[in-house]
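Here's the structure we're looking at; comments come further down.
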Protein chains: 2
Amino acid sequence: MAKMKPPRSRLLEAVHESARDLHRVGWIDARRLRTFDALCALEVPSLSAAQIKRLRGKLHVSQAVLAAVLNTSVSTVQKWEIGEKRPGGTAMKLLHLIERKGLDAVL
Amino acid sequence: MAKMKPPRSRLLEAVHESARDLHRVGWIDARRLRTFDALCALEVPSLSAAQIKRLRGKLHVSQAVLAAVLNTSVSTVQKWEIGEKRPGGTAMKLLHLIERKGLDAVL
DNA sequence: AGAAATATATTACCGAGTGATATAGTTGTC
DNA sequence: GACAACTATATCACTCGGTAATATATTTCT
């Protein structure tokens with residue numbers, strides 16, 4: 001079993017390992033294995049404060065609404081946009097999801 | 001301006017307020033306003049430790065994979081399942097999303 | 001049985017998340 | 001213009017979630 005890709009990150013490394021195992025065990029076939037390749041899209045780019053603010057602007061939603069959608073507090077969204085705090089892993093994931101698929105994707 | 005609903009939560013309250021405003025301003029029509037009613041589905045049920053563990057089991061993914069999908073650490077997923085830590089707002093949102101729509105919804 | 005990989009636990013630290021509140025800035029209404 | 005209502009910005013203080021690193025089962029393959 002050869003490593004198929006240079007490790008983008010430790011997390012994605014784990015993904016490929018597990019995917020390989022699942023395929024070997026039979027949980028997933030070759031076709032579905034490609035689905036896991038789509039997992040490479042998991043790379044979350046880590047949006048900057050300004051990018052978050054612009055994203056919300058494009059969505060035409062208030063900070064309160066965005067906070068509600070993300071199930072977090074307005075205060076938190078605030079600090080993200082100011083740059084006082086950086087979104088955590090799961091928060092970045094959601095923001096990235098919305099950026100790519102739109103708000104509806106997370107409703 | 002009358003409050004239209006008993007406050008389910010402060011966040012959802014904010015959603016309805018803003019939605020009403022958007023509608024008044026003309027950003028969204030009556031049809032799309034109902035989309036915001038779908039936002040009531042934002043109510044995130046707060047999964048228990050056992051529920052998270054069972055959810056991952058149903059998905060047939062390892063903790064490493066789930067952690068990668070959620071863009072968080074394995075250690076964190078661990079503590080969720082043990083019950084040592086409770087997932088934050090954004091994490092709960094993602095878990096709830098997966099529970100309803102499946103893994104693909106967050107890829 | 002032994003090696004390799006995964007899952008479970010433990011420890012310790014930092015900073016994200018949160019609430020509360022106060023202060024501008026905006027927009028609409030009279 | 002003045003006033004009201006809402007949104008955004010900012011500050012403070014706290015705590016608890018997120019994270020790394022490590023160690024220890026538990027499983028699985030050779």
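Side chains are part of it too, since the values below use all heavy atoms of this structure and drop only hydrogens, waters and symmetry mates. As the structure is a computational prediction, the values presented were derived from the model and not from experiment. To find a chain, count down the sequence lines: A is the first, B the second, and so on, and within it residues start at 1.
Summary for the helix from C/dA1-D/dT30 to C/dC30-D/dG1: the axes at its two ends, each from 5 pairs, differ by 50° when rounded to the nearest 10 degrees.
Atom CD of B/E84 and atom OG1 of B/T76 lie 10.5 Å apart (nearest 0.5 Å).
Between A/T76 and C/dA16, a side-chain N or O to OP1/OP2 separation shorter than 4.0 Å is absent.
Residue A/K85 places its side chain closer to C/dA16 than to any other of D/dA8, C/dT18, C/dA16. Side chain of A/S62, nearest nucleotide from D/dG17, D/dA8, D/dA20: D/dA8. Closest to the side chain of A/T72, out of D/dG17, C/dT18, C/dA7, is C/dT18.
Of the residues in residues 77-84 of chain B, those with a non-hydrogen atom less than 4.0 angstrom from any atom of DNA chain D are B/K79, B/W80. Near DNA chain C, meaning a heavy atom under 4.0 Å away, the residues from residues 49-56 of chain B are B/K53, B/R56.
Annotation: side chain of B/P87 is in contact with side chain of B/I52 (closest heavy-atom distance under 4.5 Å). When side chains are defined from C-beta on, B/V106 does not count as touching A/L94, because their heavy atoms never get closer than 4.5 Å. A 4.5 Å side-chain heavy-atom check between B/N71 and A/T90 finds every atom pair outside the cut-off. Side-chain contact between B/K93 and A/L70: absent, with no pair of heavy atoms (C-beta onward) separated by less than 4.5 Å. For the pair B/L95/B/W80, a side-chain contact is recorded, criterion being any heavy-atom separation below 4.5 Å from C-beta on. By the 4.5 Å heavy-atom criterion applied to side chains, B/V74 and B/V77 are not counted as neighbours.
Remark: B/K85 engages no residue in a side-chain hydrogen bond (donor to acceptor under 3.5 Å, both in side chains) (not counting sequence neighbours). Remark: A/L59 pairs with A/L55, A/V61, A/I98, A/L103 by the side chain to side chain contact (heavy atoms under 4.5 Å, CB included) rule, at least two apart or across chains. With sequence neighbours excluded, the residues that form a side chain to side chain contact (heavy atoms under 4.5 Å, CB included) with A/R54 are A/Q51. Shown here are the side-chain hydrogen bond (donor to acceptor under 3.5 Å, both in side chains) partners of B/K101, two or more places apart in sequence or in another chain: there are none. Applying the salt bridge (charged side-chain N to carboxylate O under 4.0 Å, His left out) criterion to A/E81, with sequence neighbours excluded, gives A/K53, A/R56. Remark: A/Q78 engages A/Q63, A/I82 in a side chain to side chain contact (heavy atoms under 4.5 Å, CB included) (not counting sequence neighbours).
Distance CE (B/M92) to C1' (C/dA16): 17 Å, rounded to an integer number of Å. Separating the CG atom of B/L66 from the P atom of C/dA7 is a distance of 11 Å, rounded to the nearest angstrom. Separating the CG atom of A/N71 from the P atom of D/dG17 is a distance of 14 Å, rounded to the nearest angstrom. One atom, CG of A/L95, and another, P of C/dG17, lie 10 Å apart when rounded to the nearest Å. Between the P atom of C/dG17 and the CG atom of A/L94 lies a distance of 11 Å, rounded to the nearest Å.
With hydrogens and angles left out, the side-chain atoms of B/S48 and B/R86 include no donor and acceptor closer than 3.5 Å.
Residue-to-nucleotide proximity on DNA chain C shows that, of A/G88 and B/S75, the 5′-proximal contact is made by B/S75.
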Review item, nucleotides 22-26 of chain C N/O atoms under 3.5 Å of protein N/O:
none

